[in-house]
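Computed from a predicted structure; not experimentally measured.
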Amino acid sequence: MKFHWNSQLIPISIWLSPQTKKVHSIIFLGIVQINKLPFWVAKDCPPGFAVIQGVPYWFARSDGSDMPDLIYDFAKQTFRFVCKNMKINSCNIIAESQAAPGAIRIAIENQNICENTILIQPLGLTTQSFLSSDRGAFAEVQRRSLENLRHQLPFFAIDRKLLYNYAKISRSAVRKTVKNHYNSGLSHNAIDELQKLSQLGNVQIICGADDKLFPPDEIRMMLAKNEIGTRITIVENVPHSPFASKQGRKLLAKSIDIISNVI
């Protein structure tokens, strides 16, 4: 499909899992989950899943001021495209990392067809942890990324998809605008929207126990502080990971198990 943004038509990759005839679940991937990555994720899913690549965040303004709008518009347009072309009357949403804030809004606005929402290692629920850092949000996410990397190092020798993902991240990180873009994304607080969604329908969160970007304890604390009763499932020995990787597939498998019990 073509994503319409600021008078541009941006090609977007959407893949169906093998042998899919009817889509019952839509997966929104995090940023930099592009090229081969969404294809690999789709291959790991059973029939019935549509996998949407990560948002092309580099099309945001250089100061990042329109990043929340870009993330939301991307989710809205891709969701409508899949629903229209696959003739979807009801579906489940799985949103990974940076895709979570946009997916939450989509689930709220389409509560008549969105039956279940699963947020995996989600951005937007621990915003204060980044904004209150003396380092600043971007420096804090860099520090956390390095800490998270320590849990992934043993897998670099055996997981080519994890290496491919890091190559994509490294290439995107050299853009001059990356700091502004990340600061804008990290400053978006999705707690109020999650609270609304939790009152409207079934929403769950899945985190890796070793996730150092958005630690499950921080998420639990924010949910408790805002009196949100959303269930959190913790997957042991998994850091923040792309779905295509060996560790990330454990998070994906857990979400698929949840979906399989409700369809």
Phe74 and Gln53: CA distance, side-chain angles, deciding distance, side chain to side chain contact (heavy atoms under 4.5 Å, CB included) verdict: CA-CA 10 Å; Phe74 178 81; Gln53 71 160 73; 4.2 Å; yes
side-chain hydrogen bond (donor to acceptor under 3.5 Å, both in side chains) between Asp63 and Asn180: does it pass, once the steps are laid out? CA-CA 5 Å; Asp63 64 358; Asn180 291 338; over 6 Å; no
Show the numbers, then the answer: is there a side chain to side chain contact (heavy atoms under 4.5 Å, CB included) between Ser245 and Asn165? CA-CA 8 Å; Ser245 69; Asn165 179 76; over 6 Å; no
Between His188 and Glu193, is a side chain to side chain contact (heavy atoms under 4.5 Å, CB included) present by the stated rule, with each step listed? CA-CA 11 Å; His188 180 75; Glu193 290 155 341; 3.6 Å; yes
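Scanning both residues, Ile34 and Gly54, for their nearest heavy atoms gives CG2-O, 4.2 Å. In terms of heavy atoms, Ile93 sits closest to Ala103 at CG2-CB, 4.0 Å. Looking at every heavy atom in both residues, His240 comes nearest to Ser97 through NE2-OG, 3.1 Å. For the pair Ser17 and Gly48, the tightest heavy-atom approach, listed with the atom from each and the gap, is OG-N, 3.3 Å. Scanning all heavy atoms of the two residues, the minimum distance from Val203 to Ser198 falls at CG1-CA, 3.7 Å. In this structure, Val32 and Ile169 approach most closely via the heavy-atom pair CG1-N, 3.6 Å.
Residue Gln111 holds its CD atom at 11.5 Å from CD of Gln199, rounded to the nearest 0.5 Å. Distance NE2/His181 to NZ/Lys176: 13.5 Å, rounded to 0.5 Å. Between Leu186 atom CG and Met67 atom CE the span is 9.5 Å, to the nearest 0.5 Å. In this structure, the separation between CG on Asn85 and CZ on Arg80 is 13.5 Å, given to the nearest 0.5 Å. To the nearest 0.5 angstrom, Ile94 atom CD1 is 6.5 Å from Leu252 atom CG. Ser90 contributes atom OG, which lies 7.5 Å from atom CG of Asn92 (distance to the nearest 0.5 angstrom).
Residues Trp5 and Ile31 share a single hydrophobic cluster, defined by chaining ILVMFWY side chains whose heavy atoms lie under 4.5 Å apart. Residues Ile14 and Ile113 fall within the same hydrophobic cluster, defined by Ile, Leu, Val, Met, Phe, Trp and Tyr side chains chained together at heavy-atom separations under 4.5 Å. Linking Ile, Leu, Val, Met, Phe, Trp and Tyr residues whenever their side-chain heavy atoms come within less than 4.5 Å places Ile106 and Leu123 in a single cluster. In the hydrophobic clustering of this structure, Tyr166 does not group with Leu213; members are Ile, Leu, Val, Met, Phe, Trp, Tyr whose side-chain heavy atoms approach within less than 4.5 Å, directly or through other members. When hydrophobic clusters are built by joining Ile, Leu, Val, Met, Phe, Trp and Tyr residues whose side-chain heavy atoms come closer than 4.5 Å, directly or via intermediates, Met86 is grouped together with Met1.
Between the Ser25 side chain and the Phe49 main chain, no donor and acceptor come within less than 3.5 Å of each other. Under the 3.5 Å distance criterion, the side-chain polar atoms of Gln121 are matched with a main-chain donor or acceptor of Ser241. Formation of a donor-acceptor pair under 3.5 Å by the Gln195 side chain with backbone atoms of Asn226 is found in this model.
Applying the salt bridge (charged side-chain N to carboxylate O under 4.0 Å, His left out) test to residues at least two apart or on different chains, none of the pairs has a partner in residues 12-40. Judged as a salt bridge (charged side-chain N to carboxylate O under 4.0 Å, His left out), the pairs with a partner in residues 223-251 (not counting sequence neighbours) are, in order, Asp44-Arg249. Sorted by first and then second residue, the salt bridge (charged side-chain N to carboxylate O under 4.0 Å, His left out) pairs with a member in residues 125-139 read Arg135-Glu140; sequence neighbours excluded. Each salt bridge (charged side-chain N to carboxylate O under 4.0 Å, His left out) pair with one or both residues in residues 119-133, not counting sequence neighbours, would appear here, but there are none. The list of side chain to side chain donor-acceptor pair (under 3.5 Å) pairs with a residue in residues 69-78, not counting sequence neighbours, reads Tyr72-Glu109.
Residues Thr126 and Ile219 form a side-chain contact, since some pair of their non-hydrogen atoms from C-beta on lies under 4.5 Å apart. Side-chain contact check for Glu96 versus Ile27: every heavy-atom pair is 4.5 Å or farther apart. Taking the side chain as every heavy atom from C-beta outward, Pro47 and Thr20 approach each other to under 4.5 Å. Put simply, the side chain of Arg144 reaches to within 4.5 Å of the side chain of Phe130, judged on heavy atoms. Contact of the Phe243 side chain with the Val51 side chain is not registered, since no non-hydrogen atoms from C-beta on lie closer than 4.5 Å. In this structure, the side chains of Leu162 and Pro242 come closer than 4.5 Å at one or more pairs of heavy atoms.
Ion pairing between a basic and an acidic side chain is recognised when a charged N comes within 4.0 Å of a carboxylate O; Asp217 and Arg220 show such pairing.
More than 12 heavy atoms of other residues, nucleotides or ligands shown are found within 6.0 angstrom of NZ on Lys168. The number of heavy-atom neighbours closer than 6.0 Å to NZ of Lys161, taken from other residues, nucleotides and ligands shown, is above 12. Annotation for Asn261: atom CG counts as buried by contact number, over 12 foreign heavy atoms lying within 6.0 Å. The number of heavy atoms from other shown groups lying within 6.0 Å of NZ (Lys179) does not exceed 12.
Grouping Ile, Leu, Val, Met, Phe, Trp and Tyr by side-chain contacts under 4.5 Å, direct or through others, puts Trp15 with Leu37, Phe39, Trp40, Tyr164.
In summary, of the residues considered (Ile228, Thr230, Ile205, Asn189), a side chain to side chain contact (heavy atoms under 4.5 Å, CB included) with Leu125 occurs for Ile205 alone.
In this structure, Phe3 has its ring center at least 6.0 angstrom away from the ring center of Phe59.
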